[in-house]
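In what follows, a structure is listed as structure tokens, so that the remarks can point back to it.
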4 protein chains.
Amino acid sequence: MTGRRRVPRHEREQQIIDVAVQVFAKRGFHAASVDEIAELAGISKPMVYLYLDSKEGLFLACLRREADRLVAAFQGAAATGGAAPELRLHAALLAFFAFVAEHRDSWVVLHRQASELSEAIATAVAGARRAVLAEVAGLVLAGITESGDSQLDDEDADFVAHALVGAADSLTDWMADHPDQSPEGVTLRLMNMVWVGMGRVLEGEVWSPARP
Amino acid sequence: MTGRRRVPRHEREQQIIDVAVQVFAKRGFHAASVDEIAELAGISKPMVYLYLDSKEGLFLACLRREADRLVAAFQGAAATGGAAPELRLHAALLAFFAFVAEHRDSWVVLHRQASELSEAIATAVAGARRAVLAEVAGLVLAGITESGDSQLDDEDADFVAHALVGAADSLTDWMADHPDQSPEGVTLRLMNMVWVGMGRVLEGEVWSPARP
Amino acid sequence: MTGRRRVPRHEREQQIIDVAVQVFAKRGFHAASVDEIAELAGISKPMVYLYLDSKEGLFLACLRREADRLVAAFQGAAATGGAAPELRLHAALLAFFAFVAEHRDSWVVLHRQASELSEAIATAVAGARRAVLAEVAGLVLAGITESGDSQLDDEDADFVAHALVGAADSLTDWMADHPDQSPEGVTLRLMNMVWVGMGRVLEGEVWSPARP
Amino acid sequence: MTGRRRVPRHEREQQIIDVAVQVFAKRGFHAASVDEIAELAGISKPMVYLYLDSKEGLFLACLRREADRLVAAFQGAAATGGAAPELRLHAALLAFFAFVAEHRDSWVVLHRQASELSEAIATAVAGARRAVLAEVAGLVLAGITESGDSQLDDEDADFVAHALVGAADSLTDWMADHPDQSPEGVTLRLMNMVWVGMGRVLEGEVWSPARP
DNA sequence: CATGAATGAGCTTTCATTCAT
DNA sequence: AATGAATGAAAGCTCATTCAT
């Protein structure tokens, strides 16, 4: 039971979404029940339907709000992290890890519930991920270009972005197992691992199984 | 309708699991219905329950079979890939990407359905992932140790393993968008990105936002 | 179809229980289906589950309501039947036969469905029966004690109570075959049969197969 | 697993019925499953159907065999218990209590499973009970007649028989709670309670609430 | 004589969703 | 603005029963 009686619409919506994020994170989309969400939000089911239309609408609202927050944090950091691409990438990654550390539920909803859902939802999730990937790829490409060499192209940058985002994603689990590690530390390690390696590759150092 | 009439038990079980992997991959655990699986397998529901006990039992059977296959391929390659750790890592990653390329459904089931499920299932999935992570961390550690320097310890190896596995994971999506790319190519790129970078780091080259 | 549209909860519950008693009496617990009960009550199945939780919960509710009614009638009569134990026993038996005559279904549910059911249900039924047995045994003991002789003890009273209750129980069938017989008449006959006999025994008259 | 391989039909049937009586007694008709019975009997389900036709046929076979045994014991004792009706009644009751003491499962099946079943089964159970009631009523009537008085008629005898049989029935529970009590002792007590009382009543002693 | 394989039908239960107030 | 009452539809699961060998 959160608040009661005569709450203006927008505020009620946010309360409902707050609760829904928690419940979806804990139970998953299908296992979550609108009953439980309504009860935890301290209102009746018809209100949920009046404001959010359907279970899927409710989930979409959660998704959008949390995705917007995450993407905003990410892009905001990338925009203000400094001039050099690597600094901006670093700032963005840091923002990401900090967001996940602070809003675990939001992250779970965004990350682990995309399959088994409707077109609309899958699209929304994919859109957020694509936004992040594009941002990263852009930074990577800028870093490459800046370094003068153009051995690597768009596709390579996309590849690196996927690898980076996947690594970051997986490292959220590692973080959950190492609560003492700060987002800053994690970010620094990841940058070292990937960025330095990428730099060397650009300089022509190539690994191959034939001559390792 | 796969096979018909009077099929011995073990064979039927495999048929059912074959179909179930497809359906679970397409719909997700909760949205999948035993009815649909039975119908696609060309048998009646009671057979599914007779042989696999419950919907969860069926899912577990899928999970176990596919996880075993994947882990076996991965570890088999790691064992026979050569003497040097990086060669073995390369072989293992290659086996992984090849497996995913060939058994997309299996991979989806293994990868995207772990949350919102019962203890038993979560355990099974986590176990498979942990096996792979441990294998990778071992290889990474061996690579580090071999190189003579011991700046990096177990925790670092674990970190790198998470990053690598997460990157590989995410790259399966990239592969799905680039059907022309071979598993070999993907593997090579990833090794270059990570391994070379790691080598440089070991040699003392450090990146930091303060002095990039 | 009993009542329709927008009935407050408690009233609906009683309607449902009313119907359920009839159906359980006719079919027995296992053979009764919630579908049939819902349909006869003129509502949909989910209402039954919303209010009574489960088929077993529904049966328990029937059991408790009817058992309470019967035990209350029995004990109420025993309490107000007069001073002398035999008068009170007579009043209680009369109340029992009158109850059965008027609520045949309730009696069937209470009496014939105890086995093959869950612990909770068996406990509820056994509890009601035990309450009645204890009441009867108490009256019998009082009658014995009052008569001055103490040849008979607690165990004897318990034995007599079982015999009496069993006789009464069986006589409900006899009543069903003799609709013209009033509860009063039946009660009187039973009292004559048992109470007088018990009195003689207390006075020392003993029957034995050796010397009949 | 009782016996195996190539057992002649009649013997197999008896084995199946033996097991079925146990299972029906423990679980009740509906809750008992043919699967469990077949497994405990050490044979496959189709054999059960081949020999006993259906679940109901199986139950009927159990019922008939056990009812025959009980009625035979009862009537046998009544026939050989001596000349005087009360001696024969005593012998018959003794046979009844001894049967129940020794074949608890049979008694449970005969006694507590009659409702909720099909016409055929209800008829079978009712038939057995009626046979016993008739026998008892006959003895009671003989006792009455012999005593010279004819205040009491057929209906009265039937009433007494119902009371007696119900008392005996209920006393089987009392016996279950008093394992040290012998069938002989129980029978003697019951005879004392009822027969002596009946005798007094015949002699004109009448109880009534008006003048107790 | 005997059975593993197979199923039609029906059960209890749950849930997203809407109506009447 | 808000809710208690109500339901259609479907899911998981079980069981008595039969077929093919």
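The sequence lines fix the lettering, A, B, ..., with proteins before strands; numbering per chain opens at 1.
- Using the six-membered ring where Trp is involved, B:Phe24 and B:Phe59 have ring planes that are perpendicular, over 60° apart on the 30 and 60° scheme.
- In terms of the salt bridge (charged side-chain N to carboxylate O under 4.0 Å, His left out) criterion, C:Arg64 has no residue partners (sequence neighbours excluded).
- Residue B:Ile43 contributes atom CD1, which lies 9 Å from atom C1' of E:dA6 at whole-angstrom precision.
- Contacts of C:Asp18 classified as side chain to side chain contact (heavy atoms under 4.5 Å, CB included), with partners at least two apart in sequence or in another chain: C:Arg65.
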Could you list, one pair per line, each protein nitrogen or oxygen that sits under 3.5 Å from a nitrogen or oxygen of nucleotides 12-14 of chain E, together with the distance?
unit_1, atom_1, unit_2, atom_2, d
E:dT12, OP1, C:Ala32, O, 3.4
E:dT12, OP1, C:Lys55, NZ, 2.8
E:dT12, OP2, C:Val34, N, 3.2
E:dT13, OP2, C:Tyr49, OH, 2.9
E:dT13, OP2, C:Lys55, N, 2.8
E:dT13, O4, C:Lys45, NZ, 2.8

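- Under the 4.5 Å side-chain criterion, counting only non-hydrogen atoms from C-beta, C:Gln22 is not in contact with C:Leu40.
- In this structure, the CE atom of B:Met47 is 7 Å from the P atom of E:dT7, given to the nearest Å.
- Summarising the geometry, the separation between CD on D:Glu11 and C1' on E:dA2 is reported as 16 Å, rounded to the nearest angstrom.
- Looking only at side-chain heavy atoms (C-beta outward), C:Glu66 and C:Arg69 come within less than 4.5 Å of each other.
- At whole-Å resolution of the value, CG in C:Leu50 and C1' in E:dA16 are 14 Å apart.
- Between the C1' atom of F:dA16 and the CD atom of D:Glu39 lies a distance of 16 Å, rounded to the nearest Å.
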Item checked: Secondary-structure string, 5' to 3', Watson-Crick or G-U under 3.5 Å, | for another-strand partners, for DNA chain E -> .||||||||||||||||||||
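- Contact annotation for A:Arg9: no contact, since no heavy-atom pair falls under 4.0 Å across all strands.
- If you take CG of B:Leu52 and P of F:dT14, they are 13 Å apart, rounded to a whole angstrom.
- In this structure, the CD atom of B:Glu36 is 9 Å from the P atom of F:dA11, given to the nearest Å.
- In this structure, A:Leu58 and A:Val34 have side chains that are not in contact, with every pair of non-hydrogen atoms separated by 4.5 Å or more.
- Contacts of A:Arg129 classified as side chain to side chain donor-acceptor pair (under 3.5 Å), with partners at least two apart in sequence or in another chain: B:Ser170.
- Every residue two or more places apart in sequence or in another chain was checked for a salt bridge (charged side-chain N to carboxylate O under 4.0 Å, His left out) with D:Lys55, and none qualifies.
- Note that CD of C:Gln14 is 4.0 Å distant from NE2 of C:His10, once rounded to the nearest 0.5 Å.
- Look at CZ on B:Arg27: it is 10 Å from P on F:dA11, rounded to the nearest Å.
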